[in-house]
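Read through the structure below, which is laid out as structure tokens, and then see the notes.
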Amino acid sequence: MWRRSNDSSTLATPRAFIRVFVEPGGLEAAAGFYEELQGVERDMWFTFREFGIALAAVGGFLLIEGEPATVERFRSTTGTLLVPELAPYLDRLASAGAEITEPPRRVPTGSGFTARHADGTVVEYVEHRPTAEGR
């Protein structure tokens with residue numbers, strides 16, 4: 001796992017990611033394309049072994065590499081929102097009538113949950129925290 005900034009608690013505003021699904025072996029080429037497109041370097045790369053995927057963040061895009069059958073479960077989620085902390089969003093979403101479809105859980109980068117907004121949009125909310133190794 002590699003992250004340029006591994007603690008989202010310092011974010012002044014949430015960071016939204018558009019999800020891009022990549023065939024196995026295509027993550028490097030896709031990351032290069034999105035780096036060139038936006039004039040930025042990737043600032044995160046890690047594997048989520050539990051689900052058999054690899055991810056890279058490049059600007060406003062979250063690249064998700066995996067076998068088609070493996071990434072299928074992630075396609076219904078519209079995007080990912082990197083937030084300073086989860087609790088305020090759980091409260092706001094509950095007040096707004098959202099459904100928490102996946103309750104808060106540990107993820108490789110910290111913690112996260114998934115919600116279906118009242119309009120049907122499905123968003124993963126994630127807070128990043130350093131690992132014991134500082135990553």
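Small disclaimer: the values here were computed from a predicted structure and weren't measured.
- Under 4.0 Å is where a charged nitrogen must lie from a carboxylate oxygen, and between R105 and E124 at least one such pair does.
- When side chains are defined from C-beta on, R42 counts as touching E28, because their heavy atoms get closer than 4.5 Å.
- For the pair R106 (side chain) and G110 (backbone), a donor-acceptor distance under 3.5 Å is present.
- Note that the CZ atom of F48 and the CD1 atom of I53 stand 6.5 Å from one another [nearest 0.5 Å].
- From F17, atom CZ reaches atom OG1 of T78 across 15.5 Å, with rounding to the nearest 0.5 Å.
- Between the CG atom of D43 and the CZ atom of R4 there is a distance of 5.5 Å, given to the nearest 0.5 Å.
- No continuous path of ILVMFWY side-chain contacts below 4.5 Å connects L81 to I64, so the two sit in separate hydrophobic clusters.
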Original post:
Would T121 and R116 satisfy side chain to side chain donor-acceptor pair (under 3.5 Å), going step by step from the backbone distance to the final call?
Top reply: CA-CA 6 Å; T121 303; R116 179 176 290 108; over 6 Å; no

**OP:** Show your working on side-chain contact (heavy atoms from CB on, under 4.5 Å) between S111 and R129 and close with a plain yes or no.
**Re:** CA-CA 8 Å; S111 298; R129 295 299 184 264; over 6 Å; no

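- Here the closest heavy-atom approach between residue P14 and residue V83 is recorded as CB-CG1, 4.2 Å.
- Note: the hydrophobic cluster containing V123 does not contain L82 (ILVMFWY, side chain heavy atoms under 4.5 Å, direct or indirect links).
- Classification of the H117-Y125 ring pair by plane angle, with boundaries at 30° and 60°, yields tilted.
- Closest heavy-atom contact between I100 and L90: CD1-CD2, 3.9 Å.
- For the pair E65 (side chain) and V22 (backbone), a donor-acceptor distance under 3.5 Å is absent.
- The CD1 atom of I18 lies 4.5 Å from the CZ atom of F61; values are rounded to the nearest 0.5 Å.
- Taking CG of L63 as the reference point, atom CG of L27 lies at 6.0 Å (rounded to 0.5 Å).
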**OP:** Begin from the C-alpha positions of R3 and H128 and carry the test side-chain contact (heavy atoms from CB on, under 4.5 Å) through to its verdict.
**Re:** CA-CA 10 Å; R3 296 176 284 175; H128 284 192; 3.5 Å; yes

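- A pairwise comparison of heavy atoms in A96 and A118 identifies O-CB, 3.9 Å as the closest pair.
- Between A115 and L93, the shortest heavy-atom distance links the atoms CB-CD1, 3.9 Å.
- In terms of modelled atom types and a separation under 3.5 Å, the side chain of E36 and the main chain of G32 share no donor-acceptor contact.
- The shortest distance between side-chain heavy atoms of F21 and F74 falls below 4.5 Å.
- Using a 4.5 Å cut-off on side-chain heavy atoms (C-beta onward), V126 and T109 make contact.
- Checked against the 6.0 Å centroid criterion, the rings of F113 and Y89 do not qualify as a close aromatic pair.
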**OP:** Go through the steps to decide whether V58 and V40 satisfy the test side-chain contact (heavy atoms from CB on, under 4.5 Å), and finish with yes or no.
**Re:** CA-CA 7 Å; V58 183; V40 299; 4.0 Å; yes

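- The backbone N or O of G60 sits less than 3.5 Å from a side-chain atom of Q38, completing a donor-acceptor pair.
- One distance of note links CH2 of W45 with CE of M1; it measures 9.5 Å at 0.5 Å rounding.
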Original post:
Do R15 and S8 pass the side chain to side chain donor-acceptor pair (under 3.5 Å) test, and can you show the C-alpha distance, the side-chain angles, and the key distance before you say yes or no?
Top reply: CA-CA 9 Å; R15 181 178 176 190; S8 65; over 6 Å; no

**OP:** Dump the intermediate steps for side-chain contact (heavy atoms from CB on, under 4.5 Å) on V20 and L62, then the final yes or no.
**Re:** CA-CA 6 Å; V20 176; L62 180 63; over 6 Å; no

